[in-house]
Each structure stands twice: as structure tokens, then as C-alpha cells.
Amino acid sequence: MAAPMSESWSWFLALAFGVSLLKFLLINTYHSTDFEVHRNWLAVTHSLPVSQWYFEETSEWTLDYPPLFAWFEYGLSHIAKYFDKDMLVVQHLNYASPATILFQRLSVIFADVVFIYAVKECCRCVKGSRGSRDLFGKPSFVLAGLLLWNFGLLIVDHIHFQYNGFLFGVLLLSVARHFQGRHFEGALLFALLLNLKHIYLYIAPAYGIYLLRSYCFTKDSPDGSLNWRSFSLFRLAALGVIVCSVFALSFGPFILLGQLPQVLSRLFPFKRGLCHAYWAPNFWALYNMADKALSILGVKLKLFDVNRLPKASMTGGLVQEFQHSVLPSISPLATLICTLISILPAIVRLWFRPSGARGFLQCVTICALGSFMFGWHVHEKAVLLAILPLSLMAVERKEDAGIFLILATTGHFSLFPLLFTAPELPIKILLMLLFSLFSFTSLKALFRHEGRLISIPEAVYLIGLIPLEVFCEFVYPWTTWQQSFPFIPLLATSVYCALGVSYSFIKLNLSLLRTEKPGKDKSQ
């Protein structure tokens, strides 16, 4: 990563303005149950005292984000009352007046200002040019397009409905601050982020190891090994004060009320089951599919009694409580162990062979994807936690660009089932095609002198997404199987995309092993 660029940033304003205009055009599109989730949280935080926020359960969509996000909703509620006061009544379940829809959509759009600013800061941290005068030869321009126009964020936030752009803005700004050597700000922002949405705990190991190894230890030995005498107790204490202060402000009121166990039970609901209702394209999707295949084969070969097999594993298929028939059932502890093992190589390398902020970013990406691959009750949307940081790596190294194209294409395609209504079908296909076209053409232009980004087998796999989409959207609904096995399209999408995501995870780890030995500069 390099110093800030000095050229005109008019193209950045054009990209930001264009995507913002698109977001306004999506205001009246379909919204999911997450829309009601956040409306309910507006009502809960506005109408009830703090002591009842994490106990209220009139709606099934109870408050299950950390306290800082609850205060964020509380702040929004005081603007919402000028649009429609009725949306702030707890008992008004599934309330969606035109004014309510307008307010909630606008709140996401304007919260994205944080994301736009963070993207600009990240663009200032990449190399200025790769020997070309056109925009596609500028990594900063390509990165801005990959982030601002990210397909996943557009459909998840501005159609499906969530506030991921705002949250990822805090994350990317934190990453940028570390590249700029402003580590206290980076640590503060990440502490705030953890108290806005706890899913970012997935990447906390990367932050902890990086700050301890490359910041609290001020220099290495001449041979590049750790110099224990360079440890700065002051820096560690300062970081501790920053992090603890944020957590104290966030959780302090609930600790004083004696409600910490209740808050934690909302944040970590391990009773929900291994997989979400729609299987995220990760290792457990492949594991579940293998279990189903083995159980069906066992019944065909009369090795199992169909009456003794768990019903969910043979019929409904996509349920929250999934009990395996042949393979061992998975516990939360097992997923934790698998996750820790999957991220261990990246963590070990970050400690023993630190390579500045870029090594930190690489570790963040692997931690995010490893947690997505092996985590408990992972949502399909969590793949964005790996795709966005990988975008920064993709504009600097050809190998990372190839991995990004595979992960982004399969990860984004796996989000298609979130938009299942007919009017949104052409929208998601068009946006996906446009983003994919930009990704492939811009990265190919960026690395035009370094050869092919993806191999022929990889390209064939990605092209296979086209017939898969045709089958799921246009062929299967007209078959007689639709009534008996409605989950087949979801299953096919999940399993096919899981292959690409798993392959990307393996390639990221192999890339980690092949990375050249870093220098001794610890300035970043």
C-alpha cells in the first residue's frame, strides 16, 4: 500500500453519486422481514425504558444486536416520529406505511455516507497507478467501483433491507487507519464496531494479534524475529483503555441493571441450530448434503430404516434444527474448534512473520472466510465480511484478484434466493451482471501484463452458474417436483456455491504460504 494520491477525485464523486441515485430508485422494491425487525427495534428503543429493551418480546423479532446499535436505533427513532409516529408503537406488528418505508429506506441511504467516506480513505491507501493513464489502470478507481457498487451490499441493504453499508464503513475506516499508521483510531473504530454488531468478532483475532505484535512490540530483532525487549506496556495499556472504555459505555448500563446475562443470551442464541433456514454456502452445506446423500443411499440399499431416520433430514430439508442421519451431528463447540483451526495458520503467520498492514488485511480476510466456512448458524450474507476486505487485496496482487473474482461471483450469486419475488428477478440479474462485468474487465485491465487471472477450469465453474440460475428460476418451478421438494433450488444453489467459496478459502491459505518473506519495516 502506498501514500495518498494527488490527482483529481472527480471520478470518485461520480461513482458515489451514481450509486446513491440507484439506491433512491430501489426505495419501492421488495423488502424482507428484516424491514419489520428494524421497525420493531425503532419502536422498542423509542417507547420503552432501557431496562426493558432486551426483555421485550411482543414481536418475534426481538432485539439481538449489541447496545450501541440499540442506541443507533434510538437516535433514528427521534427522526422517525416526524415521518409516522405509528411506526414507533410496539404493538403495531408488520407496520409498513408509505411514510415508514420511505424513512427506513432513507435511513439506510444516508447512513451509507460513512461507507462512502471509508471507501475514499481506503482508495487513498492503494498504489496510484500501474503504468497506465486510463482509469482502469488506477487501482484506486477499480477499488472504488468494487466497493461502492458492490452487488451484495446493494441487494442486501437497499432491497432486502439491512444496515451493512454503515457497519462495513466503520470496518473499512478502521482498516484504513491502520494502513495510515493511526492505530489508536483503528482500535477505537473496531471496538465501536463490535458494539454495533457482534458478527465482527469473527475478525477480532486478526485485530488482537496485529496490534499486539506489530504495535505493542515496537521493533524486531535484526534477523526479523520478535524482540521481547521492545514491548511497550504504555501502548498496550492505552489500547486497553480505549477498548474497555467503549465496552463499558456500551454494556455498563445493563451491567448496573443486572441484565448482562439476558443481553448475552440475546446476542448468542446457540439454540438456533447449526444452519440458518437457508443454508449458507459453506462447509456445513457440503456436510449436510453428504449426510442427505448417504441417508438416501442407505435407504435405497436397505441399510437404514426410513422410519427411524430424523424426518427433517429426509423431507423438509431446510430447517433450523438439523439433525444428521448418518454423519455425526455437530455441536457449537465443534464449530468453534473447526473455526479456530481454520484461521490458525493466518494467525500464526501474523505473529511470527508480520508484514505490516497488508499482512493484517490478509489475516482479516482469512479469519472472516474461515468463520463463514465453519461457524455456527452462519447467515449467507456473512460472506460479504470476506468479499469486501478481499477487494482491497485484489487491486494490488494478481493472485488475490483471481481469488476475488471466484469468491465474489459465487458469494454474490448465493445471495440470489434472498430476492425471490418476480419484480426483483430482472433487477438482481442485471445488477449481478453489471458488477461481474466491471469486476472482470477492470481487474483484467489492471493486470493486463501479468497473464490470465483465472484458469480455464475456474472459468468453466463460474459459467456453470448460468445454467444453475436458469434451472432454479425458470425450469424447476414448472416441474412436478416443485410441490414435493420445494427446497431443491435452494439446496442446489447452496451446494454449488459452497464449492466455489471453499475453493477460494483453500487458495487464500495457499497464497498465505507462498507470500514472500516480509521486510523489517514496522511503520505500518
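Residues take their numbers from the sequence shown, with the count starting at 1. On a predicted model such as this, the values are computed, not experimentally measured, just so you know.
Met373 contributes atom CE, which lies 6.5 Å from atom CG of Asn282 (distance to the nearest 0.5 angstrom). Interatomic distance, CG of Leu147 versus CD1 of Ile387, reported as 11.5 Å (0.5 Å rounding). The CG atom of Asn150 sits 9.5 Å away from atom CG of Asp157, with the distance rounded to the nearest 0.5 Å. To the nearest 0.5 angstrom, Cys125 atom SG is 8.0 Å from Leu392 atom CG. Taking CG of Leu68 as the start and CG of Leu249 as the end, the distance is 8.0 Å to the nearest 0.5 Å. Between the NE2 atom of His379 and the CG atom of Leu415 there is a distance of 13.0 Å, given to the nearest 0.5 Å.
A side chain to side chain donor-acceptor pair (under 3.5 Å) check over residues 234-250, counting only residues at least two apart or in different chains, returns the pairs Asn195-Ser250.
Side chains of Pro354 and Phe217 form no contact here, defined as non-hydrogen atoms less than 4.5 Å apart. Contact check for Thr335 versus Trp284: side-chain heavy atoms found under the 4.5 Å cut-off. The shortest side-chain heavy-atom distance between Leu194 and Leu201 falls under the 4.5 Å cut-off. Between Ser511 and Arg397, some side-chain heavy-atom pair lies under the 4.5 Å cut-off. In this structure, the side chains of Ser442 and Phe141 stay at 4.5 Å or more apart for every pair of heavy atoms. Between Ser140 and Arg124, the closest side-chain pair of non-hydrogen atoms is not below 4.5 Å. Between Val126 and Val142, every side-chain heavy-atom pair lies at or beyond the 4.5 Å cut-off. In this structure the side chain of Phe440 never reaches within 4.5 angstrom of the side chain of Leu453, judged on heavy atoms.
Formation of a donor-acceptor pair under 3.5 Å by the Lys428 side chain with backbone atoms of Leu419 is found in this model. A donor-acceptor pair under 3.5 Å links the side-chain atoms of Arg105 to the main chain of His158, judged by distance alone. The closest donor-acceptor contact from the side chain of Trp149 to the backbone of Leu15 lies under 3.5 Å. Side chain of Ser502 to backbone of Leu499: no donor-acceptor contact under 3.5 angstrom is found. At distances below 3.5 Å, at least one donor-acceptor pair connects side-chain atoms of Lys398 with backbone N or O atoms of Glu450. Although no hydrogens or angles enter the test, the distance criterion places no donor-acceptor pair under 3.5 Å between the side chain of His46 and the main chain of Leu42.
Remark: Ser32 pairs with His160 by the side chain to side chain donor-acceptor pair (under 3.5 Å) rule, at least two apart or across chains. A search for side-chain contact (heavy atoms from CB on, under 4.5 Å) contacts involving Gln262 returns Tyr54, Phe55, Ser265, Arg266, not counting sequence neighbours. Every residue two or more places apart in sequence or in another chain that forms a side-chain contact (heavy atoms from CB on, under 4.5 Å) with Leu239 is listed here: Phe184, Ala187, Leu211, Tyr215, Cys216. Qualifying side chain to side chain donor-acceptor pair (under 3.5 Å) partners for Gln162, counting only residues two or more places apart in sequence or in other chains: Asp34, Asn164. For Val50, the side-chain contact (heavy atoms from CB on, under 4.5 Å) criterion is met by Trp53, Trp71, Phe254, not counting sequence neighbours.
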Begin from the C-alpha positions of Leu388 and Leu153 and carry the test side chain to side chain contact (heavy atoms under 4.5 Å, CB included) through to its verdict.
CA-CA 10 Å; Leu388 270 73; Leu153 281 182; 3.7 Å; yes
Please step through side chain to side chain donor-acceptor pair (under 3.5 Å) for the pair Gln180 and Glu121, ending with a clear verdict.
CA-CA 9 Å; Gln180 296 162 358; Glu121 290 298 296; 3.1 Å; yes
Applying side chain to side chain contact (heavy atoms under 4.5 Å, CB included) to Lys23 and Phe110, what does each step give before you reach the verdict?
CA-CA 10 Å; Lys23 294 170 184 177; Phe110 283 100; over 6 Å; no
Could you walk me through whether Phe372 and Leu385 pass side chain to side chain contact (heavy atoms under 4.5 Å, CB included), step by step?
CA-CA 9 Å; Phe372 178 81; Leu385 187 53; over 6 Å; no
For side chain to side chain contact (heavy atoms under 4.5 Å, CB included), just list the numbers for Val119 and Leu143, CA-CA rounded to whole Å, side-chain angles, deciding distance to a tenth of an Å, and then say yes or no.
CA-CA 8 Å; Val119 171; Leu143 178 60; 5.7 Å; no
Go through Tyr210 and Phe360 one step at a time and tell me if the ring-ring contact (aromatic ring centres under 6.0 Å, His included) criterion holds.
CA-CA 6 Å; Tyr210 172 66; Phe360 158 67; 4.6 Å; yes
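The aromatic ring centroids of Phe72 and Tyr65 lie 6.0 Å or more from each other. Taking the six-membered ring wherever Trp is involved, the centroid distance between the rings of Phe505 and Phe283 does not fall below 6.0 Å. Aromatic ring centroids of Tyr163 and Phe161 lie under 6.0 Å apart.
Relative ring orientation between Phe438 and Phe136 is described as tilted, the plane-to-plane angle lying within the 30° to 60° band. Taking the six-membered ring where the residue is Trp, Trp351 and Trp228 present tilted rings, their angle falling between 30° and 60°.
Each of Phe168, Tyr117, Phe190 was checked for a side-chain contact (heavy atoms from CB on, under 4.5 Å) with Leu173, and the lone residue meeting it is Tyr117.
Closest approach of Thr409 and Met432 over heavy atoms only: O-CE, 3.3 Å. Taking each heavy atom of Gly169 and Ala118 in turn, the nearest pair found is O-CB, 3.1 Å. Closest approach of Ser355 to Gly359, counting heavy atoms only: OG-CA, 3.2 Å. Across Gly165 and Phe115, no two heavy atoms sit closer than the pair O-CB, 3.2 Å. Of all heavy-atom pairs between Leu369 and Ser504, the closest is CD2-C, 4.3 Å. The two atoms that bring Leu267 and Pro66 nearest to each other are CD2-N, 3.5 Å, heavy atoms only.
In summary, Glu458 and Lys507 engage in a salt bridge, as defined by a charged side-chain N under 4.0 Å from a carboxylate O.
Tyr202 and Thr339 are not linked by any side-chain donor-acceptor pair at a separation below 3.5 angstrom, with hydrogens and angles left out of the test. For the 3.5 Å distance criterion, the side chains of Thr410 and Tyr503 fail to qualify, holding no donor opposite an acceptor.
Within a 6.0 Å sphere centred on OH of Tyr74, other residues, nucleotides and ligands contribute 12 heavy atoms or fewer.
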